[in-house]
Amino acid sequence: MSAPSIPNLLSLRGSRGGRGAGGRGRRRDGASSRPSHDATIQATDTDAAVSRLSAVDVGYLDDPYARYFVSTLDGPPARRFPIINRGTYVRINALDTLINSFLDDKSAYSNANVSSSSSPSPQRQIISLGAGTDTRPFRLFTRPQGQHLIYHEIDFEVTCSKKLRVVQANPPLRQILTDASSTEPARWASKPAAGDGEYYCHGIDLRQLSGPDQPAIPSLRTDIPTLLLSECCLCYLSPAEASSTVEYFASRIPDLSTIIYEPIRLNDAFGEMMVSNLAARNIHMPTLDVYRDSDAQVARLREAGFPSAQCLTIKDIWKTWIDAAEKERVDGLEGLDEVEEWELLASHYVIAWGSKGTDRLRPEDS
């Protein structure tokens, strides 16, 4: 694959990257028209939704809510390249596998620290950092696992406000997150229609969590098993801010698991091109200079207090987590001639996961 044809780094994520996110130049008054880094990151949510919908339309994923977060005012959304669709599929499939293991929690019954006479609480809590217009809460709240789920999403205020408008404008979404309303700008809550779950969307800049005046997160539970999820989110912070964000939750919640999806190996030729693509769009990922490979990601989690930590590339997850029948189905969806390029791209992304308290992320049980 020649350098100019290397896909943009954020396209593989499937839930970041954006149309019109990287304009340059100067206005007539001489001021730069290049958007701020924050505005660029906020705009990446557009491609997030487009990549997700592309994978759904081709048949990789089943997500009836993806279409509500993609605008068609400028025409039909773009269809992604096959290697991008496959990357989106593997990422979401892997995250779903880990999240399902957390929610199903078979380990709670076999853990030596849990007495056979105890009755583990059915309640679970998920905290999604930089969630954007992710559809996962809609999918979970319509399944049995969502009946006792407390779901928090944290993102910029403008992104949270956008998501609320989309929910309020579309009856199928309103039927899931009933009475979605806001008591103040970009902070809203809902009581999902099924079960006794709860949903909260918080317009909070994550950098505030590492500052001296850390805000309280309304309705955050610290007494139930919790999963902290970051899909290419913490990498936009400085290493210190990213560590402090994780510490904010780790210091408050004894039974905490975490999943992090990020790129790695940016010091080889392929990685350098990805960094160049990002820089052209005014996007920088400071933590990637520190967490360069799988070993560094595992060490990061252990240093943060998660003794049970593992990490796999998207390439390895495709090979080991997807069974032969499913591989055959995916292979039949569209031609993938660039097998070598796919493996190269997929080897530059990882999913790292870890737990403290009870090891609740057990993909082999899912």
Side-chain angles (χ1 to χ4, degrees), residues 8 10-21 38-80 84-85 87-89 91-93 95-96 99 126-143 146 149 151-182 185-190 192-193 199-203 229-233 236 261 283:
N8 187 282
L10 298 182
S11 297
L12 178 59
R13 181 189 178 235
S15 51
R16 291 286 182 195
R19 260 185 293 181
D38 283 1
T40 301
I41 300 308
Q42 293 163 17
T44 62
D45 190 58
T46 302
D47 260 2
V50 172
S51 291
R52 184 171 57 238
L53 182 59
S54 176
V56 169
D57 285 344
V58 177
Y60 288 89
L61 301 169
D62 180 14
D63 185 347
Y65 313 108
R67 65 186 182 87
Y68 297 110
F69 295 97
V70 176
S71 172
T72 57
L73 294 178
D74 298 325
R79 177 167 167 174
R80 299 305 193 206
I84 305 303
N85 286 330
T88 300
Y89 161 79
R91 174 184 62 83
I92 293 179
N93 182 287
L95 291 174
D96 284 350
I99 291 170
I126 293 177
I127 304 165
S128 181
L129 306 178
T133 54
D134 186 22
T135 61
R136 183 166 282 109
F138 303 101
R139 293 189 286 120
L140 287 178
F141 280 127
T142 56
R143 299 174 184 173
L149 176 61
Y151 204 106
H152 295 265
E153 294 190 309
I154 303 175
D155 211 321
F156 289 109
E157 288 188 359
V158 64
T159 305
C160 294
S161 296
K162 172 185 174 182
K163 194 162 194 175
L164 175 60
R165 291 195 299 271
V166 173
V167 171
Q168 291 177 329
N170 292 280
L173 301 181
R174 290 204 312 269
Q175 291 172 5
I176 299 170
L177 297 184
T178 60
D179 302 322
S181 60
S182 177
R187 289 179 185 245
W188 53 287
S190 169
Y199 171 84
Y200 302 95
C201 192
H202 309 281
L229 177 63
S230 170
E231 295 183 63
C232 265
C233 173
Y236 291 117
Y261 169 76
I283 296 175

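Heads up: numbering here begins at 1 and tracks the sequence. Being a predicted model, the structure only gives us computed values, none of them experimental.
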At what distance, to the nearest 0.5 angstrom, does [atom1] of [X] lie from [atom2] of [Y]?
X: I176; Y: S190; atom1: CD1; atom2: OG; value: 9.5 Å
X: Y200; Y: I127; atom1: OH; atom2: CD1; value: 12.5 Å
X: L149; Y: L140; atom1: CG; atom2: CG; value: 6.0 Å
X: I154; Y: T159; atom1: CD1; atom2: OG1; value: 13.0 Å
X: S161; Y: F156; atom1: OG; atom2: CZ; value: 13.0 Å
X: Y236; Y: D38; atom1: OH; atom2: CG; value: 11.5 Å

Do you know which two heavy atoms are closest between [X] and [Y], and how far apart they sit?
X: R139; Y: D62; value: CD-O, 4.3 Å
X: L177; Y: F138; value: CD1-CE2, 3.6 Å
X: A49; Y: T133; value: CB-OG1, 4.2 Å
X: F141; Y: G146; value: CD2-O, 3.5 Å
X: A66; Y: L53; value: CB-CD1, 4.1 Å
X: L229; Y: R136; value: CD2-NH1, 3.9 Å

With a 4.5 Å limit on heavy-atom distance, are the side chains of [X] and [Y] in contact?
X: Y60; Y: T88; result: no
X: D47; Y: R80; result: yes
X: L173; Y: F69; result: yes

Any donor-acceptor pair under 3.5 Å linking the side chain of [X] with the backbone of [Y]?
X: N93; Y: Y89; answer: no
X: W188; Y: C160; answer: yes
X: K163; Y: D134; answer: yes
X: R79; Y: S54; answer: no
X: T178; Y: Q175; answer: no

Report task. Measure the acute angle between the ring planes of H202 and H152, then classify it against the limits of 30° and 60° as parallel, tilted or perpendicular. Result -> parallel

Requested in this report: Report the residues that fulfil salt bridge (Lys or Arg N to Asp or Glu O under 4.0 Å) with R67, sequence neighbours left out, ordered by chain and then residue number.
Outcome: none

Report task. Carefully, step by step, assess Y199 and V167 under the rule side-chain contact (heavy atoms from CB on, under 4.5 Å). Result -> CA-CA 13 Å; Y199 171 84; V167 171; over 6 Å; no

